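Here the structure is a predicted model, which is why all the values come from computation and not from measurement. Quick note: residue numbers are just sequence positions, from 1.
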Amino acid sequence: MLRYTPRWMTVLLVSSILAVTGCGGGESKPTGMIGPSPDQGLENLKVLLEQYQQDKGRPPAKMDEIMYLEPSYPAGVRGLVTETYVLIWGAKLQPGSTGVVAHEKAAAEKGGVVLLQDGTVKQMTAAEFKAAPKAK
C-alpha cells in the first residue's frame, strides 16, 4: 500500500537536499579583488600607527607591540604579518616630515604604494622610492 505524501513535504525535502549538496554549478570563481587595496592597507596601517603613538607616546619598535590593535586595524596588521608591507620600526609619524615609514615590499624593484611620515599615502616608481628619504 502506497502512502500519500503532501506536496509541500516533497518540496521541502528536495529543497533541503539541494541546499546541502548544491546544484550543478561546479567551482565558483571570485569576481573581484580579495582584501583591501595597497592604498587602503597602508591607510589602515597609518591609523594604527597614529593610535599606537597616541596610546604609548612613541612609535612601535617591534611587531608584538602592535598586536593588541589588530582587531581594530586588521588590514594594516595583516599586511605586516604577511610581509606585504615593510615598516621601519621605531620611525615616528610627524607632520612636515616626508621620510618613508612603510611601503609595499616590492617598492624598491617595481615601485609601489608608500606611507610617508606626514601620513601621506602615495604611489612611487622604483626610482622615486630609491631616491626618497627613509624615516629614522
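Checked against side-chain contact (heavy atoms from CB on, under 4.5 Å), Ser97 has the following partners two or more places apart in sequence or in another chain: Gln94, Gln117. Qualifying salt bridge (charged side-chain N to carboxylate O under 4.0 Å, His left out) partners for Glu109, counting only residues two or more places apart in sequence or in other chains: none. Judged as a side chain to side chain donor-acceptor pair (under 3.5 Å), and not counting sequence neighbours, Ser72 has no contacts. Lys56 pairs by the salt bridge (charged side-chain N to carboxylate O under 4.0 Å, His left out) definition with nothing, not counting sequence neighbours. Listed by chain and number, the residues in a side-chain contact (heavy atoms from CB on, under 4.5 Å) with Pro74 are Asn44, Glu70, Arg78 (sequence neighbours excluded). For Lys134, the side-chain contact (heavy atoms from CB on, under 4.5 Å) partners two or more places apart in sequence, or in a different chain, are Ile88, Val100, Phe129, Ala132. For Asp39, there are no side chain to side chain donor-acceptor pair (under 3.5 Å) partners, not counting sequence neighbours. Residues forming a salt bridge (charged side-chain N to carboxylate O under 4.0 Å, His left out) with Glu43 (at least two apart in sequence, or on another chain): Lys46. Scored by the side chain to side chain donor-acceptor pair (under 3.5 Å) test, Gln51 finds Asp55 as partners (sequence neighbours excluded).
Counting heavy atoms from C-beta outward, Glu65 and Arg58 have side chains that approach closer than 4.5 Å.
Among residues at least two apart or in separate chains, there is no salt bridge (Lys or Arg N to Asp or Glu O under 4.0 Å) pair with a member in residues 86-101. Pairs of residues two or more places apart, or lying in two chains, that qualify as salt bridge (Lys or Arg N to Asp or Glu O under 4.0 Å) and include a residue from residues 79-90 are Glu83-Lys105.
Here Val101 sits in one hydrophobic cluster together with Leu42, Leu45, Val47, Leu48, Leu49, Tyr52, Met63, Ile66, Met67, Tyr68, Leu69, Tyr73, Val77, Leu80, Val81, Tyr85, Leu87, Trp89, Leu93, Val113, Leu115, Val121; the rule is ILVMFWY side chains under 4.5 Å apart, joined directly or through other members.
Residues Ala126 and Ala108 come closest through the heavy atom pair CB-O, 3.4 Å. When all heavy atoms of Ala75 and Gly41 are compared, the closest pair comes out as CB-CA, 4.2 Å.
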